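Below, chain A is the first sequence line, B the second, and so on; all start at residue 1. The shown structure was predicted, so the numbers you read here are calculated from the model rather than taken from an experiment.
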Amino acid sequence: MQLEKDEITMNYNFREIEAKWQKYWAENETFKAFNNSEKPKYYALSMFPYPSGAGLHVGHPLGYIATDIYARYKKHKGFNVLHPMGYDSFGLPAEQYAIQTGQHPAITTEANIKRYREQLDQLGFSFDWSREVRTSNPSYYKWTQWVFIQLFNSWYNKTSDKAEGISDLIALFEKDGNTTVHAICDDDAPIFSAEDWNGFSDRTKQEILLKYRLTYLADTEVNWCPALGTVLANDEIVNGVSERGGHPVIRKKMTQWSMRITAYAQRLLDGLDTIDWPQPLKDSQTNWIGRSEGASVIFKVIHNSDAERSRSDRNVISTSLSHHHQIEVFTTRPDTIFGVSFMTLAPEHELVSKITTQEQKEAVNAYVEATAKRSERDRMADVKTISGVFTGAYAEHPFTKEPVPIWIGDYVLASYGTGAVMAVPCGDQRDYDFAKHYDIAIPNIFEGVDISKEAFADKATTVIANSDFLNGLSYKKAVKAAIYELEKLGQGEGKINYRLRDAVFSRQRYWGEPFPVYYVDGMPQMIADEHLPLELPEVEKYLPTETGEPPLGNATDWAWNSIENKVVSNEKIDNTTIFPLELNTMPGWAGSSQYFNRYMDSKNDKAIYSKEAIEYWEDVDLYIGGSEHATGHLLYSRFWQKFLFDMGIAPKDEFAKKLINQGMITGTSAFVYRLAGTNSYLSNGLIESEEVDSIHVDVSLISASDELDIEALKEWQPEFSDAEFILEDGKYIVGREIEKMSKRWFNVVNPDAICEEYGADSLRLYEMFLGPLEQSKPWNTAGITGVHSFLKKLWRLYHTGPNGEFYVTDSPPLEGQGEALKSLHKTIKKVEEDIKNFSFNTSVSTFMICVNELTSQKCSSKAILESLAILVSPYAPHIAEELWEKLGHKESIAEAPFPKFQEKYVVESSKEYPISFNGKMRFTMKLPLDMGKDEIEAAVMGHEKTQAQLQGRTPKKVIVVPGKIVNIVG
RNA sequence: GCUCGAGUGGUGGAAUUGGUAGACACGUUGGACUUAAAAUCCAAUGGCCAUUGUGGCCGUGCGGGUUCAAGUCCCGCCUCGAGUACCA
């Protein structure tokens with residue numbers, strides 16, 4: 001009995017150790033960060049999770065572990081480290097669950113968070129939980145609403161190139177009208193003088209101001225998803241269907257809140273140069289913003305009076321110009337303007353109905369209707385099919401004054417540029433194809449180029465011809481000349497166009513932040529700060545109302561009784577007026593767009609965060625998360641941060657200096673193969689040419705050698721209970737395929753079972769060991785025994801007493817420990833380099849080598865073993881703490897300084913030998929340092945022999961000058 | 001189509017940035033301990049050939065090139081992955 005007990009205390013008992021230290025860290029607040037400190041600050045952040053019902057799977061912790069290692073390392077290096085965690089707890093799944101079950105999303109969310117917290121706790125992260133945020137907590141979304149109000153009260157001044165208060169804009173209007181104001185605003189903002197402005201009614205003023213605000217209400221064409229009953233932002237649509245659920249999306253006009261992110265397009269682009277983010281992510285943001293330089297050109301529509309006014313002589317094309325209709329196009333090739341042989345409008349273009357001639361009306365209407373019916377997805381699916389129709393109208397070429405036929409075609413997108421193009425078939429393949437298809441002229445304006453087969457689009461070798469004043473010019477010069485002439489005519493100018501659209505901010509959902517908005521006579525008003533937050537009301541149903549209003553419309557008392565809800569500042573309250581509230585809620589990205597700043601002072605109730613807090617922490621030093629947020633969260637957050645910077649609320653205009661995308665951990669799905677139309681299942685090796693259906697089965701039913709536990713499968717789902725299994729070699733072998741980890745593929749692996757069997761330290765090490773952090777890789781539990789046995793060896797290194805008890809010697813490290821010191825310092829150097837490069841996978845190998853070396857050297861030096869424990873502690877913190885305590889320390893190992901690398905203990909293993917040829921220095925050879933004189937001579941001689949053979953001469957003699965130089969003579 | 005990234009043993013992956021390719025781990029094989037299993041430990045493990053000599057040849061997707069020296073640099077292809085998609 002006695003023996004057994006001793007064995008337990010002497011062996012590596014990870015369950016006991018991990019529970020003990022997790023409790024210790026929580027009780028002692030070991031990882032609490034302070035908002036003022038003598039130490040330098042370091043802010044390490046992982047993207048906070050959405051707490052889904054499925055709990056954490058092994059893919060989630062990958063990024064958290066990496067951030068944790070770095071945070072713990074920085075703490076060892078003497079930094080005051082902020083390493084917080086929270087929950088992005090508003091979201092669609094909880095709402096859909098509520099629709100199905102009637103369960104309030106707050107309740108499911110709370111339960112999911114509790115589960116997440118348990119799972120996170122068992123992995124031993126160094127989070128400062130005192131700063132936790134939850135985006136669905138009123139105390140948090142109060143500040144999301146507050147930022148919204150700041151955006152509403154701001155406009156973008158192009159002159160100072162930053163956002164400014166709306167009251168400054170009003171002052172400018174009162175003084176000079178808007179003729180001198182250079183602002184980013186809606187295109188349809190009217191032009192007015194100071195007198196006009198001062199004479200406008202209050203309502204007109206509000207309407208005008210709305211066109212300038214950074215968040216504004218407007219009729220916009222939106223992506224409407226009928227199945228979800230809500231609008232979606234562009235980044236929430238993948239391949240023409242909704243990202244969540246995969247439902248079809250159509251375009252529809254609705255009154256929606258939008259964010260004027262386009263005001264920041266250029267700064268969002270420029271800012272990328274100042275931050276250390278992965279190139280692919282920068283590329284995708286650059287792409288998304290889509291800057292292109294070119295020109296806008298105005299084509300006047302030739303007024304066909306007959307077509308519009310009388311049917312009698314409709315065949316006559318009048319050359320009188322209608323100044324009401326002009327088509328603005330954007331082009332990146334103004335140099336090809338003399339190659340224009342037609343124009344194309346998007347079917348949705350507003351001029352289509354106005355310019356179409358009577359006789360083309362039928363065909364045009366039919367075409368417009370047909371395109372409207374096609375979903376976005378269909379339209380994308382067949383980009384090859386050329387379709388379009390002639391409007392019957394003509395525009396006047398700005399230079400030649402020739403009539404140019406105006407067509408409509410669905411290859412022109414309403415959402416890009418002006419929704420209209422000047423078609424230059426000789427220089428653009430799409431225009432070329434369209435012209436060929438409809439037999440439109442293809443004038444050639446390029447010197448010495450054959451365009452009989454395809455368009456010519458190579459800017460570098462372009463020489464313009466047949467183009468009046470552009471003849472003989474290169475691309476660059478012709479662009480300049482064309483723009484100059486267009487400007488002279490007043491029919492165009494140089495222009496930079498962005499693909500980026502303003503972001504729609506309204507969602508017809510329940511489980512999101514309510515807008516802090518009420519309406520007076522249909523005009524939006526902001527709720528007074530002192531009444532924030534405006535809390536989500538209870539509703540009986542989470543679906544849209546019968547009249548088609550968003551779910552909040554079900555909360556009638558709430559929506560109409562604004563006085564009881566204290567939404568209006570006290571002085572505005574009178575007992576007779578009723579102010580309706582905004583019924584939409586904010587999108588998922590609202591809550592995540594400034595949470596990183598809120599962590600700095602998350603319990604602050606008076607302000608979004610204190611000035612002291614943000615001036616101390618400034619920005620995130622290291623941000624780790626998935627690349628799927630490239631054009632969503634990560635772009636919106638940069639936008640909000642720049643806005644907060646303009647307002648003087650944030651000291652930095654980029655929120656994260658460095659960002660790393662951890663790769664996805666994919667699952668390895670398992671399949672059984674049912675013979676078509678039967679209840680028999682074939683083992684993987686027997687399929688051959690049989691017709692089979694592949695069916696996913698739960699990966700927990702499969703052994704490491706891909707053998708299926710048939711009895712367990714029969715238990716698992718009743719459909720297999722009387723199935724027949726056809727075996728190979730007495731086994732049923734499943735098929736394997738790598739897929740995203742997902743509940744529906746039954747390939748999810750939870751960290752819980754692994755922690756139970758091997759411990760959190762093993763899981764942490766293994767996830768790092770799996771491969772480079774940024775690479776995606778399939779989960780495979782097979783190798784975990786390797787890192788687990790490393791931890792056991794590490795433990796044994798400290799337990800070399802006669803009965804396996806803890807044993808170290810106090811002798812000074814230098815005495816008889818030369819080799820051990822070399823091993824240690826090699827390890828310090830490598831591990832520190834690895835951490836700095838985020839190559840955590842290779843440092844796990846380094847630890848293994850180190851422990852093997854120290855074990856075979858029988859190292860028991862306390863000083864060396866102490867240093868080793870610190871090195872390991874960021875990776876495997878629990879075992880390191882336990883060893884640290886056994887080494888006699890009272891404080892947590894987290895406080896210990898990181899060991900310093902000392903060159904003197906690590907002697908170089910190879911050296912550059914200068915090789916001279918008859919005394920003349922020729923080149924160097926790197927050779928191992930432990931080579932003796934003869935070996936060096938042999939090595940150099942080998943090289944000389946091959947050289948001599950190549951050059952057809954006899955080899956010369958090699959002479960080694962000890963310690964210095966190798967000479968080849970002869 | 002365009003943009004980025006990657007191709008190294010049976011597998012995951014190393015390689016100090018041009019200097020002994022395959023570290024470390026998994027897997028496999030053989031051995032020790034054990035009544036047995038588990039656990040642990042030891043050895044072998046890129047391919048081919050030779051050999052009871054401790055040797056040789058070929059090898060980092062393919063074909064060229066630069067260099068004393070190339071997984072690494074240059075040119076031309078092939079394959080896979082990710083993102084994006086009629087962007088005028």
Side-chain angles (χ1 to χ4, degrees), chain A residues 11 238-240 278-288 290-292 294 297 329-333 336 343-344 346 379-380 382-386 409-413 415-424 427-431 433-434 457 497-500 627-628 630-631 661 663-664 704-705 765-766 769-772 774-790 792-793 796 826 829-830 833 839 841-850 852 908-913 915 917 922-928 931 939-940 942-944 946-947 950-951 968:
Chain A
N11 285 340
V238 178
N239 294 331
Q279 198 54 43
L281 195 147
K282 286 185 181 185
D283 288 345
S284 85
Q285 289 206 351
T286 305
N287 236 318
W288 192 260
R291 178 194 153 105
S292 33
V297 184
V329 301
F330 173 75
T331 176
T332 54
R333 297 295 303 272
T336 63
M343 300 186 71
T344 314
R379 237 169 114 168
M380 279 199 282
D382 60 58
V383 296
K384 294 278 181 288
T385 317
I386 293 162
D410 69 356
Y411 80 96
V412 175
L413 303 176
S415 57
Y416 182 76
T418 61
V421 300
M422 57 176 228
V424 182
D428 182 288
Q429 195 56 44
R430 290 156 306 168
D431 295 343
D433 295 341
F434 196 87
N497 192 54
Y498 298 93
R499 197 191 82 124
L500 186 71
S627 58
E628 65 272 20
T631 53
N661 291 130
M664 195 171 50
S705 53
L765 279 172
Y766 187 57
F769 183 71
L770 222 45
E774 306 195 34
Q775 193 174 303
S776 81
K777 52 231 160 195
W779 178 261
N780 171 11
T781 319
I784 200 164
T785 52
V787 291
H788 187 64
S789 70
F790 156 72
K792 287 196 262 188
K793 283 183 198 166
R796 243 177 289 133
K826 266 190 335 202
K829 189 178 183 200
K830 185 69 168 60
E833 272 168 12
S839 346
N841 54 328
T842 51
S843 32
V844 178
S845 301
T846 309
F847 288 136
M848 291 177 176
I849 296 166
C850 181
N852 282 341
E908 279 293 326
S909 63
S910 64
K911 186 187 166 184
E912 293 268 328
Y913 286 86
I915 312 287
F917 209 74
R922 274 297 170 83
F923 57 94
T924 61
M925 268 178 98
K926 200 167 186 182
L927 298 169
M931 271 190 172
V940 180
H943 157 246
E944 168 59 12
T946 50
Q947 269 306 289
L950 276 168
Q951 294 166 15
I968 302 171

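Ranked by how close their nearest RNA chain B nucleotide is to the 5' end, D431(A) and M848(A) are led by M848(A). Both G419(A) and Q279(A) lie near RNA chain B, and the one whose nearest nucleotide falls closer to the 5' end is Q279(A).
Remark: D283(A) engages Q279(A) in a side chain to side chain donor-acceptor pair (under 3.5 Å) (not counting sequence neighbours). A search for salt bridge (Lys or Arg N to Asp or Glu O under 4.0 Å) contacts involving R499(A) returns nothing, not counting sequence neighbours. Under the salt bridge (Lys or Arg N to Asp or Glu O under 4.0 Å) criterion, D431(A) pairs with no residue at all, not counting sequence neighbours. Every residue was checked against the side chain to side chain donor-acceptor pair (under 3.5 Å) condition with N287(A), not counting sequence neighbours, and none meets it. Remark: F847(A) engages Y875(A) in a ring-ring contact (aromatic ring centres under 6.0 Å, His included) (not counting sequence neighbours). Shown here are the side chain to side chain donor-acceptor pair (under 3.5 Å) partners of E774(A), two or more places apart in sequence or in another chain: there are none. Applying the salt bridge (Lys or Arg N to Asp or Glu O under 4.0 Å) test to K826(A) and every residue at least two apart in sequence or in another chain returns E853(A). Judged as a ring-ring contact (aromatic ring centres under 6.0 Å, His included), and not counting sequence neighbours, F790(A) has no contacts. Under the side chain to side chain donor-acceptor pair (under 3.5 Å) criterion, T344(A) pairs with Y411(A), not counting sequence neighbours.
Listed nucleotides rA23(B), rA88(B), rC4(B) differ in distance to I849(A); the shortest reach to its side chain belongs to rA23(B). Ranking rC87(B), rA25(B), rC4(B) by closeness to the N852(A) side chain, first place goes to rA25(B).
Nucleotide rA88(B) holds its P atom 9 Å from the CG atom of D428(A), rounded to whole Å. Rounded to whole angstrom, the span from the CG atom of D283(A) across to the P atom of rA82(B) amounts to 17 Å. Straight-line distance from the CZ atom of R499(A) to the C1' atom of rC86(B): 12 Å, rounded to whole Å. rA85(B) atom P lies 8 Å from atom CG of N287(A), rounded to whole Å. The distance between atom NZ of K829(A) and atom C1' of rU16(B), rounded to the nearest whole Å, is 7 Å. Atom pair E833(A):CD and rU17(B):C1' shows a separation of 12 Å (rounding to whole Å applied). The CZ-P distance, from R430(A) to rC2(B), rounds to 14 Å in whole Å. Atom NZ of K282(A) is separated from atom C1' of rC4(B) by 14 Å (rounded to the nearest Å).
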Derivation and outcome, side chain to side chain contact (heavy atoms under 4.5 Å, CB included), residues V787(A) and M848(A): CA-CA 8 Å; V787(A) 291; M848(A) 291 177 176; 3.7 Å; yes

T336(A) vs M422(A), side chain to side chain contact (heavy atoms under 4.5 Å, CB included): CA-CA, chis, key distance, verdict: CA-CA 10 Å; T336(A) 63; M422(A) 57 176 228; 4.1 Å; yes

Let me see the working for T331(A) and V421(A) under side chain to side chain contact (heavy atoms under 4.5 Å, CB included), right down to the final yes or no. CA-CA 7 Å; T331(A) 176; V421(A) 300; over 6 Å; no

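Taking atom C1' on both rA14(B) and rA21(B), the two are 10 Å apart, rounded to the nearest angstrom. Rounded to a whole angstrom, the distance from the C1' atom of rU3(B) to that of rA15(B) is 30 Å. For the P atom pair drawn from rC57(B) and rU66(B), the interatomic distance equals 23 Å after rounding to whole Å. rC78(B) and rU20(B) are spaced 31 Å apart, taking the C1' atom of each and rounding to whole Å. Here the separation of rC68(B) from rG13(B), taken at their C1' atoms, is 31 Å to the nearest Å. Using P as the reference atom, rA69(B) and rC77(B) are 27 Å apart when rounded to the nearest Å. Nucleotides rU16(B) and rU35(B) place their P atoms 50 Å apart, quoted to the nearest Å. Taking the C1' atoms as reference points, rG81(B) lies 25 Å from rC73(B), given to the whole Å.
For the pair R291(A) and rC87(B), the criterion of a side-chain N or O lying under 4.0 Å from OP1 or OP2 is not met.
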Tabulate protein N/O versus nucleotide N/O from nucleotides 37-46 of chain B, keeping only pairs under 3.5 Å, one per line.
from    : atom 1 : to      : atom 2 : distance (Å)
rU40(B) : OP1    : K792(A) : NZ     : 3.4

Is there any protein nitrogen or oxygen under 3.5 Å from a nitrogen or oxygen in nucleotides 6-14 of chain B, and what are the pairs?
from    : atom 1 : to      : atom 2 : distance (Å)
rG12(B) : O2'    : L770(A) : O      : 2.7
rG13(B) : OP1    : Q775(A) : NE2    : 2.3
rA14(B) : OP1    : N841(A) : ND2    : 3.2

5'-to-3' dot-bracket of RNA chain B (Watson-Crick, G-U; under 3.5 angstrom; crossing pairs as [ ]; | other strand): (((((((..(((......[....)))((((((.......))))))((((.....))))..(((((..]....))))))))))))....

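Taking the ring centroids of Y766(A) and W779(A), they lie under the 6.0 Å cut-off.
Base orientation of rG12(B): anti (glycosidic angle beyond 90° from 0).
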